[in-house]
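Here the structure is laid out as structure tokens; the discussion comes afterwards.
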Amino acid sequence: MQTPSKLLDLAYGAVFGTLFPLFHFAARSFARRERGHDIADQIANAFMDVQPRYLEAILGNTGRVMGLKPSHPEVERTAREMVRQHARAWVDFFFYGQRPVGEALAQFASIEGIDQFDATLAEGKGVILLTAHAGNFELGGILLRSRNLKVHAVYKPDHFAAVERLREGMRAQGGVVGIPVDGVGFSTLPLVRLLREGALVGMQGDRDFSLNGLPMPFFGREVPFPRGPWELAAMTGAPIITSFFYTDENRRFHAHFGEPIRIEGGRGDRMAAIQAGMRAYVADLEALIRRHPSQWYCFYPFWDDPARNAS
């Protein structure tokens with residue numbers, strides 16, 4: 001979350017550089033993660049009060065998702081709940097990332113499609129695990145570590161370096177190998193090599209950081225989604241499996257692994273397969289967000305991204 005002011009950026013960097021390490025330390029001493037949730041709620045509420053421009057963007061996104069005006073009371077309730085859910089996701093990442101993996105597994109109420117995922121990975125062509133900024137995707141690394149699987153996660157570094165250092169350390173502790181990208185000039189060669197070795201590569205599919213995505217219908221309006229994971233699948237023959245992790249009203253976790261999507265055929269056929277696969281992914285993501293509108297974490301105007309409009 002970058003601000004227009006360098007001075008504010010420095011101030012927020014100092015705040016997050018202090019707050020996140022303290023929260024990481026505190027999470028080790030929480031007897032119950034709900035205590036951490038309570039603190040996270042207070043911090044999230046305070047942040048929205050001092051940074052209303054983020055709330056304005058969230059209200060716009062939530063209004064489109066719910067089919068209501070941004071000023072509707074239910075939209076504001078859901079938008080504020082989203083910010084709290086996002087803060088709670090950090091708590092859970094810190095809390096379970098520092099405890100035996102069995103404690104996190106005990107919180108999973110359901111894990112759908114895991115047998116099919118195992119069978120697809122056993123084919124030896126590698127797997128692209130495609131998720132989104134929804135629910136708590138960081139828990140996927142903990143779940144897969146329990147199955148002795150290593151994930152190579154492609155990610156765009158957080159704007160605040162202190163946050164990113166802490167998150168990268170937690171990922172490494174959980175058996176996740178981070179592959180940072182900046183969206184400009186990124187070479188796919190390391191990912192191609194990993195997939196051809198049968199590895200598991202995790203990617204996000206809902207943020208078009210490179211600004212060259214394909215427009216897809218999403219909640220009644222087209223918006224670009226990144227094509228990178230799909231072109232990588234076409235290059236390597238690795239199947240794509242969608243994966244979503246979310247939390248229910250009892251704060252239990254749920255994991256969903258979708259049917260493998262394969263991008264095959266000649267050049268023309270592959271483009272058609274890419275578009276079909278992207279439509280299927282976006283439709284699944286839309287269905288998830290409709291069920292859990294407060295668990296899609298987007299703090300900028302998604303349909304009118306300022307970065308895209310300025311390009």
Side-chain angles (χ1 to χ4, degrees), residues 1-4 41 44-45 47-90 130-137 156 158-159 183 203-230 242-249 254 256 258 274-311:
M1 296 185 291
Q2 188 169 3
T3 75
D41 288 352
N45 291 337
F47 185 76
M48 286 300 97
D49 288 338
V50 299
Q51 275 294 302
R53 72 189 186 94
Y54 289 118
L55 181 59
E56 181 180 354
I58 298 165
L59 287 170
N61 293 338
T62 306
R64 174 162 288 277
V65 165
M66 301 180 73
L68 298 170
K69 292 182 179 180
S71 58
H72 194 284
E74 186 63 18
V75 171
E76 179 161 358
R77 186 199 67 77
T78 303
R80 289 184 176 275
E81 177 64 16
M82 183 275 267
V83 182
R84 289 190 289 269
Q85 289 281 5
H86 183 257
R88 290 178 182 183
W90 277 102
L130 193 63
T131 187
H133 293 82
N136 195 343
F137 53 88
K156 182 177 175 65
D158 195 278
H159 177 64
M203 303 182 77
Q204 297 281 357
D206 63 335
R207 302 285 174 83
D208 181 29
F209 291 122
S210 62
L211 302 178
N212 67 351
L214 291 179
M216 291 284 147
F218 189 57
F219 288 100
R221 181 179 165 191
E222 285 197 339
V223 63
F225 280 79
R227 66 176 77 192
W230 306 92
T242 60
S243 63
F244 299 123
F245 302 85
Y246 58 95
T247 305
D248 63 25
E249 60 276 8
H254 298 261
H256 172 78
I274 285 174
Q275 292 175 337
M278 289 181 71
R279 283 194 295 271
Y281 165 79
V282 171
D284 284 350
L285 177 60
E286 182 172 320
L288 174 72
I289 295 170
R290 286 189 188 279
R291 295 194 303 271
H292 306 283
S294 65
Q295 293 188 51
W296 179 48
Y297 308 130
C298 185
F299 290 81
Y300 66 93
F302 187 76
W303 285 264
D304 297 293
D305 184 355
R308 187 169 60 246
N309 293 338
S311 63

Under a 4.5 Å cut-off applied to non-hydrogen side-chain atoms, are Arg88 and Asp41 in contact? yes
Atom OG1 of Thr62 and atom NE2 of His72: how far apart are they, to the nearest 0.5 Å? 13.0 Å
Can you give me the closest heavy-atom contact between Pro301 and Pro306, atom names plus distance? CD-CD, 4.0 Å
Can you tell me how far apart CD (Gln204) and CZ (Phe225) are? Round to the nearest 0.5 Å. 12.0 Å
Return the CZ to CE distance between Arg290 and Met66, rounded to the nearest 0.5 Å. 11.0 Å
What's the verdict on side chain to side chain donor-acceptor pair (under 3.5 Å) for Arg84 and Asn45, showing C-alpha distance, side-chain angles and the deciding distance? CA-CA 7 Å; Arg84 289 190 289 269; Asn45 291 337; 3.0 Å; yes
Point-to-point distance, once rounded to the nearest 0.5 Å, from CG of Asp49 to CZ of Arg80: 5.5 Å
Salt-bridge test for Arg221 and Asp304: reply yes if a basic N is under 4.0 Å from a carboxylate O, no otherwise. yes
Check the orientation of His86 and Trp90. Use parallel for under 30°, tilted for 30 to 60°, and perpendicular for over 60°. perpendicular
With a 4.5 Å limit on heavy-atom distance, are the side chains of Leu214 and Trp230 in contact? no
Measuring from atom OG1 of Thr242 to atom CG of Leu288, what distance do you get when rounded to the nearest 0.5 angstrom? 10.0 Å
Do Arg77 and Ser294 have side-chain heavy atoms sitting under 4.5 Å apart? no
Should Trp296 and Met82 count as side-chain neighbours, where that means a heavy-atom distance under 4.5 Å? no
Which heavy-atom pair separates Val282 from Pro217 by the least distance, and what is that distance? CG1-O, 3.5 Å
Do Val75 and Lys69 make a side-chain contact, defined as non-hydrogen atoms from C-beta onward lying under 4.5 Å apart? no
Would you say the ring centers of Tyr297 and His133 fall short of 6.0 Å from each other? no
Closest contact, heavy atoms only, Trp303 versus Glu222: CD1-O, 4.4 Å
Any Lys/Arg nitrogen of Glu56 or Arg53 sitting under 4.0 Å from an Asp/Glu carboxylate oxygen of the other? no
Do the non-hydrogen side-chain atoms of Phe218 and Asp206 ever get within less than 4.5 Å of each other? no
Using a 4.5 Å cut-off on heavy atoms from C-beta on, say whether the side chain of Tyr300 contacts that of Asn61. no
Closest heavy-atom pair, Gly205 versus Pro226, reported as atoms and distance to 0.1 Å, is O-CD, 3.4 Å
Separation between OG (Ser243) and CE (Met203), nearest 0.5 Å, reads 12.5 Å
Donor-acceptor pair, side chain of Asp208 and main chain of Gly213, under 3.5 angstrom: yes
Please report the shortest heavy-atom distance between Leu59 and Ala79, naming the atom on each side. CD2-CB, 3.8 Å
